[in-house]
K.L.:
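Here's a structure for you.
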Amino acid sequence: MIEEQQQGIRLQAWLRLLREGGPAGESADALCRYVRACPGVQQAYWLGWQERGRIYAHEGRGPDLPPGQGDPLQASDLALYRALQRRRYLSLEQAREQPCWLAGRLRRAGLVHGGLLPLAQPRPGILLVAMAPGADPAWLPELGVLLHSLLAQLPLMAASSPLLNTDPQAAIEFEPDATPRALNAAMQRLLGERPLTEVAALLPVNYRQLVSACLGQGRAIGEVEAQVGERILLWQFIPEPAERRVLARCRDATEELTASREAAVATRLYRLITENTTDLISRHTPDGRFLDASPASWVLLGYWPEQLRGQPVQPLLHPRDRALQLRRAGEALARDGYLTLTYRVRHRQGHYLWFETACRAIRETYTGAVVEVVCVSRDITARVQAEENNRRLAEVVKANTDLVLFIDPEGRLTSVNPSGRRALGIEEGGALPALAALMSGEDFARLQRQGWAAAERDGAWTAEARLLPLGGGTALTVSLVLLAHKGAGGQYYFSLVARDMTERELREAQQRRHQDELAHTARLVTLGELASGIAHEINQPLAAVVNYAGASLRYLNGMADNPGALDKVAEGLHRITGHARHAAEVISRLRGFLRKGQRRMQALDMEEVVREAIDFCAWEAARHRITIVPQLAPALPVVYGDPVLLEQVLLNLLRNAIEANRERHPDADSRIRLRVEAEPERLLLRVSDQGPGVGPEQRARLFTPFYTSKADGLGLGLSMSRSIVEGFGGGLDLEPNGSEGATFYCWLPRRPEDGAGNAIAGEQRTGGQ
Ligand code: ADP
């Protein structure tokens with residue numbers, strides 16, 4: 001390293017001597033000293049060209065070559081001189097071949113290894129470099145190129161002022177016509193490998209105009225930019241009017257300008273962000289006063305940034321949050337320098353919004369005291385409300401008596417509500433079992449086969465299933481609803497809602513029992529009323545008959561003693577006949593009562609009567625897998641009757657039909673049809689079953705009171721029904737045998753205006769009384 005520095009100093013010394021025009025010998029010595037110190041060099045000589053003598057003669061104080069042979073006055077190196085005009089380098093071997101005096105001197109000095117480098121400075125001459133034996137002289141031509149290029153720069157350096165050379169900034173001196181006169185070392189470095197002719201590439205494009213303006217106007221022109229590849233040079237042109245030249249100095253401002261440009265870009269970006277973000281960015285004093293706010297304040301709070309500047313933040317906070325939030329914020333910022341708050345803030349229009357604000361404290365460098373607070377706030381009202389709704393929903397699910405199970409897209413249970421845990425024996429906080437463990441194999445297979453896909457397609461899937469509690473125990477009959485919910489990523493989550501049917505089944509069974517009892521009571525009441533009616537009305541005449549019969553018997557027995565007894569007996573018999581007739585009358589009145597008694601004749605809503613009757617025996621039918629099919633013709637005419645009694649008639653017919661179907665199809669589905677249609681003069685109701693039908697012998701007795709073929713039958717249904725319908729002016733009968741079962745038909749007259757007979761009209765009037 002030191003050697004390299006010394007070589008540099010030797011080279012500079014040579015150049016300086018040349019530049020300053022020192023004696024030729026000295027500059028020759030300086031050059032030779034430099035060359036001798038190069039690796040492998042044995043000796044170096046400077047031989048100046050003697051124009052008059054036409055020989056190369058040694059110059060300087062260094063060792064000389066021995067004189068050549070022959071007459072020195074005859075000696076000539078002209079051939080060599082000419083050869084060197086065409087070439088930049090000649091090896092010593094080649095030189096020795098030349099027909100010249102120097103060749104002889106080389107031979108005598110024994111110099112065989114090395115070369116000759118012709119140089120034009122300070123006067124034409126050659127540098128003779130003798131290499132040590134074995135050293136490689138290949139670099140010698142390169143040395144020639146180096147020395148030549150240094151000499152080419154010499155004119156510029158020669159004219160430069162000492163000030164220019166010591167200037168650490170790159171500098172060039174220009175002639176008035178803008179040709180470079182001199183450049184300093186710093187400029188040389190800047191120029192790098194470029195030739196001097198390319199110095200214009202480092203200058204501002206208009207440097208010629210600048211030079212002339214600078215000199216012409218006698219003023220310095222500063223900070224003119226020149227872009228050199230990636231770099232930016234800032235030039236300053238300074239006139240030196242006395243010398244008629246211009247000094248141009250430059251500095252590399254790449255980093256400085258790039259940094260300031262980047263800063264400008266960053267500032268613009270920052271402005272874009274703050275002005276366009278929907279979040280509110282604000283700066284505050286440590287006690288909460290607004291220093292600044294981004295324009296989002298208008299949308300979020302209803303205030304423009306200018307309106308907020310200088311205002312305290314406190315009035316914007318909800319009174320209930322105010323004290324607590326501010327204290328918390330102050331403490332946390334002083335301690336951690338960072339804080340996130342969720343709180344209510346008042347919009348200018350008076351309503352409150354939920355805000356989430358991230359605050360950061362800016363501290364004083366030395367004391368660490370908080371000097372400013374920067375906040376980014378966001379309106380999270382919608383999120384808070386959604387969370388609130390979710391919380392309520394969660395509570396509803398928790399309190400629900402139905403079993404609610406949440407299932408993830410992979411079909412795993414993720415949550416079960418308390419009633420689900422209770423019913424399925426899953427411990428609170430315990431791991432959740434696989435869904436398959438809670439269902440019978442068949443139900444689970446159905447869920448896999450249909451459930452998931454149907455729920456994804458339709459939103460919900462319903463089924464009846466049995467759930468198996470974990471620790472064993474009775475399976476629960478449930479009605480399942482599987483709901484599918486689409487997650488944010490498009491995958492499906494599921495909820496399984498199971499309603500325990502056991503309770504419902506119990507309730508239904510109870511209802512059915514209740515209905516049965518009601519029906520039974522109704523029958524008993526009807527029968528009881530009838531019986532007590534009969535008893536009451538007939539008891540008296542019967543008692544009288546018994547009385548008179550007893551008395552007559554007594555008179556007959558005492559006939560021997562009492563000649564007038566026969567009259568008494570005759571009178572008794574007469575009275576008995578009277579009372580018996582009375583009894584018969586009572587019975588006929590009772591029949592009459594049934595036919596025409598306390599009826600509430602009114603326009604009948606046939607549809608309603610039919611529906612009520614069907615409803616009343618619906619469960620009984622369902623229990624035996626019987627479907628009752630009502631077939632009502634449209635626009636039925638109005639008929640009159642007592643709806644309760646007509647209902648009773650339909651009920652009797654339906655009950656008989658159910659029993660008949662049950663007998664014929666004990667364990668299979670069957671059907672009963674109830675048709676209602678209008679004929680010109682009457683309304684026709686038909687009840688058809690699929691039972692065993694009615695045989696010819698039975699047919700004659702069907703409507704006889706107390707005829708029954710059933711062990712628990714009363715045999716009153718049909719006879720009473722016929723009486724009732726007849727009471728309405730209609731009739732009830734069995735249709736001639738059809739293909740299967742029995743069909744009972746019942747007709748009611750249409751209103752007189754509709755063409756019914758007068759007799760019915762009369763009855764109607766009676767009924768109306
Ligand atoms: P009961 O209370 O005995 O059923 P009903 O007067 O209702 O009294 O019926 C009398 C009898 O008529 C029944 O016992 C039954 O033998 C017969 N009967 C009634 N309806 C039908 C029917 N739809 N199919 C076959 N037989 C019937």
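Counting convention: from 1, in listed order, for ligands and their atoms alike.
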K.L.:
Is Asp689 reaching over with its side chain to a backbone N or O of Ala742, donor-acceptor style, under 3.5 angstrom?
P.N.:
yes
K.L.:
Looking just at side-chain N and O atoms, do Arg662 and Ser670 make a donor-acceptor pair shorter than 3.5 Å?
P.N.:
no
K.L.:
Is there a heavy atom in Arg701 that sits closer than 4.0 Å to ligand 1?
P.N.:
no
K.L.:
Quick one about Ser721 and Asn652 (side-chain donor to acceptor, distance below 3.5 Å, no hydrogens or angles considered), yes or no?
P.N.:
yes
K.L.:
Taking the non-hydrogen atoms of Val694, is any one of them nearer than 4.0 angstrom to ligand 1?
P.N.:
yes
K.L.:
Give the atom numbers and elements of ligand 1 that come within less than 4.0 Å of a heavy atom of Thr708.
P.N.:
1 (P), 3 (O), 14 (O)
K.L.:
Is ligand 1 less than 4.0 angstrom away from at least one heavy atom of Phe744?
P.N.:
yes
K.L.:
Per the side-chain hydrogen bond (donor to acceptor under 3.5 Å, both in side chains) rule, what does the pair list look like for residues 549-570, sequence neighbours excluded?
P.N.:
none
K.L.:
Using distance alone, with no hydrogens and no angle criterion, decide if Trp452 and Glu456 have a side-chain donor and acceptor under 3.5 Å apart.
P.N.:
no
K.L.:
Can you list the residues that meet the ring-ring contact (aromatic ring centres under 6.0 Å, His included) rule with Phe444, with sequence neighbours excluded?
P.N.:
none
K.L.:
Should one rank Ser719, Gly695, Ser709, Ala742 by closest heavy-atom distance to atom 16 (O) of ligand 1, which comes out on top?
P.N.:
Ser709
K.L.:
Under 4.0 angstrom from ligand 1, any heavy atom of Pro692?
P.N.:
no
K.L.:
With atom 5 (P) of ligand 1 as the reference point, say which of Leu653, Leu718, Leu654 has the nearest heavy atom.
P.N.:
Leu718
